[in-house]
Amino acid sequence: MENRRKPASLAATLDINCDCKEYVVDYLERAFPTRQMRVFTDDTGTARSVPMEDEHGNPVYNPEAEAARSALIEHLCAMPPIMAALDGLLEHFGHDRVAEITGRTKRLVSTGEGHQKLETRSARTSQAEAAAFMQGRKRILIFSDAGGTGRSYHASFDVPNQEQRVHLLLEPGWRADRAIQGLGRTHRTHQACTPLFRPVTTDCKGELRFTSTIARRLDSLGALTRGQRQTGGQNLFDPADNLESEYACAALISWFHLLVGGKLTSISHAEFERRTGLELCDKDGVMKDELPPIQRWLNRILALPIGLQNWIFEEFLSLVETRVSAAREAGRLDVGVETILVDSATLLDDTLLRTDPVSGATSHLLTIEITRRRTPVSLERILRIADSDPTAVCMVNSKSGMVALQTRARALMEEKEGTPIPRIELMRPTRHEYMREHDLYETAWTTIDRDAFAATWAKEVLDATQKVDSETIRLATGLLLPIWSALPSDHLVVNRIADGNGQSWLGRLVFDDHVPQLFTKLGIDRADNLPPQDIARSALAGRSVDLTRPFPTTIKRAVVNGSARIELVGCPSQQLAWLKSIGCFTEVIQYRTRVFVPVPAAESILAELLKAA
């Protein structure tokens with residue numbers, strides 16, 4: 001008799017729910033308030049509440065609260081599961097196109113027939129996935145903390161896949177050191193091109209709470225490990241992204257005053273206190289001296305509905321942007337260290353400013369000639385931005401013929417009345433400009449059709465890529481703290497100049513019109529050797545310059561009859577005739593003879609003055 005076995009039946013389709021509903025349901029069962037409360041008045045007349053108990057000492061529960069909890073659990077369990085980000089990416093792009101390097105040993109993989117199968121993974125699997133990405137067989141790579149330790153995914157010259165990496169930072173967590181470690185996987189030495197870092201968030205403004213914490217901790221981490229904040233954050237975040245900075249804290253105080261004054265449209269004062277439990281005023285209705293700190297305010301805002309949360313954050317971020325923009329325009333914005341990447345840098349001059357008498361450390365003023373190529377925004381990218389933004393408008397400047405894409409920028413807010421100030425952003429091929437909306441009508445910008453815009457943009461991109469910008473800058477470097485007060489106070493940014501050959505200089509930029517006053521404050525005779533045009537610019541900018549030749553004199557800006565002049569102070573009386581012969585003129589003002597240099601001919605006259613030494 002032939003032995004025949006019955007074929008095994010097909011396995012049932014896997015139905016595995018990988019969401020976190022059980023944790024939420026467990027939290028609701030334990031923490032949902034169902035106890036009946038009893039209200040009483042204490043000896044001070046304050047109303048208080050305590051849990052109610054029956055005559056036998058048993059707790060009393062509110063049936064309506066219990067019914068509400070049951071209905072909430074029932075509704076939650078009936079909701080479809082939300083796929084995790086990792087599984088969602090694998091499902092969308094396909095596991096044959098995505099290299100996954102994580103710590104999980106099993107995963108569900110969709111088959112071509114619409115079924116799922118359980119796949120076992122090992123350390124060798126992760127090695128094969130990484131090799132597939134570096135070889136270019138898989139274009140997408142996903143790695144976690146466990147998959148990023150000790151590995152390199154940068155565009156190395158030693159691998160076939162040398163395309164630029166676009167590093168999307170998803171779910172960064174709370175630890176800044178791990179975020180830095182992950183970013184370092186795609187940005188290393190010996191690479192064909194540097195990566196693009198992109199933090200990813202949803203349209204829920206509350207997520208800014210977490211990215212803000214990462215930004216603050218990245219700044220602190222860089223300051224502790226390398227002595228500069230830019231090394232920690234890598235300029236990944238804008239100063240307005242740090243919601244715990246001095247600008248954000250000051251903006252929150254303004255937000256509190258606008259809220260109490262009833263000048264905000266997002267929420268009223270009473271509703272805010274009822275929803276968040278934060279009290280801003282005392283019993284007499286006067287604002288408290290100690291207002292809630294920004295960390296507590298941010299945490300309470302997270303508990304509000306998404307729509308209200310976004311509305312509040314929009315008003316608050318407008319106040320933050322207002323302060324940051326004002327600090328940036330005034331040159332006082334503290335952004336740590338900004339790196340200026342250049343193609344080449346040549347050291348032209350090194351002037352010793354000061355030598356410390358104790359340590360022997362020196363301060364220098366370097367004159368560096370830098371050249372760099374522009375990296376304009378491509379036509380394809382600007383058109384994608386225009387298609388994805390419904391507020392985008394193609395613009396052209398009727399005077400210069402240049403084009404720009406106008407988009408809606410975050411509005412500023414008037415701090416006293418809470419009135420929003422609409423702003424726009426003009427995206428140019430090589431730079432961005434921000435402008436208040438009502439100021440646009442006073443400019444030469446007008447609308448243009450899309451085809452003409454695309455043609456002009458492509459031409460500007462071609463011209464920019466063929467142009468090499470060359471300029472000479474001055475950088476104060478070395479021991480700067482003792483001479484910090486002598487450096488210009490209206491530009492406090494610390495810069496690092498780095499060229500393609502690996503050379504770098506760290507210090508503060510000193511513009512031409514600041515140099516004479518810097519030499520004067522430090523008592524350096526080099527002010528006499530400066531170009532006449534620099535001395536004239538410095539004097540007209542309000543910075544006096546002391547000269548020692550041909551005679552001691554001070555060149556400064558003076559206002560006479562409402563007009564600005566350049567004055568020579570301290571000139572010997574026997575030199576008046578000679579000064580007039582080279583173009584100066586005199587006036588007797590309040591019984592004192594004053595010597596002035598005509599502004600249009602200031603450079604030539606100062607050149608004659610310095611030549612006479």
Side-chain angles (χ1 to χ4, degrees), residues 199 201-217 219-220 237-330 332-335 408-425 434 436-438:
T201 60
T202 65
D203 57 355
C204 176
K205 299 295 185 182
E207 288 194 46
L208 295 175
R209 172 70 176 98
F210 306 103
T211 56
S212 167
T213 301
I214 288 294
R216 176 179 60 82
R217 294 184 180 180
D219 288 345
S220 302
F237 295 95
D238 187 83
D241 294 329
N242 186 353
L243 301 185
E244 300 176 47
S245 64
E246 58 175 314
Y247 307 108
C249 293
L252 180 61
I253 300 299
S254 301
W255 189 88
F256 283 146
H257 281 85
L258 292 173
L259 177 66
V260 174
K263 297 176 181 179
L264 296 179
T265 58
S266 60
I267 192 171
S268 64
H269 178 207
E271 183 70 9
F272 173 79
E273 290 190 342
R274 185 186 69 83
R275 285 180 174 269
T276 62
L278 298 176
E279 296 182 357
L280 306 180
C281 300
D282 55 20
K283 295 181 179 180
D284 299 327
V286 180
M287 286 193 67
K288 296 181 178 180
D289 294 334
E290 296 184 2
L291 294 171
I294 192 166
Q295 294 86 357
R296 187 185 307 165
W297 179 81
L298 289 169
N299 291 335
R300 300 295 175 89
I301 294 298
L302 291 178
L304 300 180
I306 300 299
L308 179 59
Q309 186 181 133
N310 291 351
W311 200 350
I312 292 176
F313 264 106
E314 195 64 34
E315 292 178 337
F316 170 67
L317 293 176
S318 296
L319 291 171
V320 176
E321 186 65 33
T322 301
R323 291 185 172 270
V324 171
S325 298
R328 182 182 286 112
E329 293 174 0
R332 300 190 306 269
L333 182 62
D334 183 11
V335 295
R408 178 73 62 182
R410 176 176 287 122
L412 303 179
M413 180 173 288
E414 204 280 326
E415 295 193 8
K416 292 185 178 180
E417 299 297 330
T419 305
I421 305 174
R423 288 195 312 163
I424 61 171
E425 178 183 4
Y434 290 91
R436 298 190 178 190
E437 189 173 327
H438 63 81

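Keep in mind the model is a prediction, meaning the values are calculated, not measured.
Counting all heavy atoms, side chain and backbone alike, Arg423 lies closest to Ser325 at NH1-OG, 3.7 Å. Closest heavy-atom contact between Ala251 and Arg323: N-NE, 3.6 Å. Closest of all the heavy-atom pairs between Leu258 and Met413 is CD1-SD, 3.9 Å.
Leu319 has its side chain out of reach of Tyr247: every pair of non-hydrogen atoms, C-beta onward, lies at least 4.5 Å apart. Counting heavy atoms from C-beta outward, Tyr434 and Leu412 have side chains that stay 4.5 Å or more apart. Under the 4.5 Å side-chain criterion, counting only non-hydrogen atoms from C-beta, Phe256 is in contact with Pro292. For the pair Trp311/Leu304, no side-chain contact is recorded, criterion being any heavy-atom separation below 4.5 Å from C-beta on. Proximity of Phe313 to Leu298: side-chain heavy atoms (C-beta onward) are separated by under 4.5 Å at one or more points.
By the side chain to side chain donor-acceptor pair (under 3.5 Å) test, Arg436 is found to be paired with no residue, residues two or more places apart in sequence or in another chain being considered.
In summary, the side chains of Glu315 and Thr265 do present a donor paired with an acceptor at a separation below 3.5 Å, with no hydrogens or angles considered.
Between the CD atom in Glu425 and the CZ atom in Arg410 there is a gap of 11.5 Å [rounded to 0.5 Å]. Distance check: Glu273 CD to Leu259 CG gives 8.0 Å after rounding to the nearest 0.5 Å.
Panel note: side chain Asp282, backbone Asp284; a donor-acceptor pair is recorded below 3.5 Å.
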